[in-house]
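As a basis for the values below, the full set of heavy atoms in this structure was taken, side chains included, without hydrogen atoms, waters or symmetry mates.
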Amino acid sequence: MSDDFNQRKTMPENDVESRVNALETAQATQAATLAGAQATQSAAMAGMASTNAAAHAGTVGSMVAGSAGFIAGLVLGMVIAQIRS
């Protein structure tokens with residue numbers, strides 16, 4: 001019975017069916033493209049976050065090293081001043 005129905009389809013029905021198939025394909029393509037874009041954006045944001053963390057760690061490391069050098073210089077200066085007097 002269904003074979004008879006499929007054989008009796010008119011040209012506009014076949015055209016509508018092919019258009020629906022084309023739209024389904026386009027929709028699947030758009031969904032895949034969106035998923036890829038979201039994955040790319042997530043990776044980019046993760047990269048930015050890690051870069052920011054590394055820059056912050058570098059800044060803090062430089063500040064700590066500078067502070068330690070400053071304190072060592074003060075102590076050394078006081079020791080030299082005490083030796084001279």
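Judged as a side-chain contact (heavy atoms from CB on, under 4.5 Å), and not counting sequence neighbours, Q27 has no contacts. By the side-chain contact (heavy atoms from CB on, under 4.5 Å) test, N52 is found to be paired with no residue, residues two or more places apart in sequence or in another chain being considered. In terms of the side-chain contact (heavy atoms from CB on, under 4.5 Å) criterion, M78 has no residue partners (sequence neighbours excluded). Judged as a side-chain contact (heavy atoms from CB on, under 4.5 Å), and not counting sequence neighbours, the contacts of V64 are V60. Partners of R19 under the salt bridge (charged side-chain N to carboxylate O under 4.0 Å, His left out) rule, at least two apart in sequence or in another chain, are D15.
Other residues sharing the hydrophobic cluster of L76, ordered by chain and number and joined by side-chain separations under 4.5 Å: I80. Grouping Ile, Leu, Val, Met, Phe, Trp and Tyr by side-chain contacts under 4.5 Å, direct or through others, leaves M63 on its own. Residue L34 belongs to no hydrophobic cluster, having no ILVMFWY side-chain heavy atom closer than 4.5 Å to its own. Counting Ile, Leu, Val, Met, Phe, Trp and Tyr side chains that sit under 4.5 Å apart, directly or through other members, L23 stands alone, with no cluster partners.
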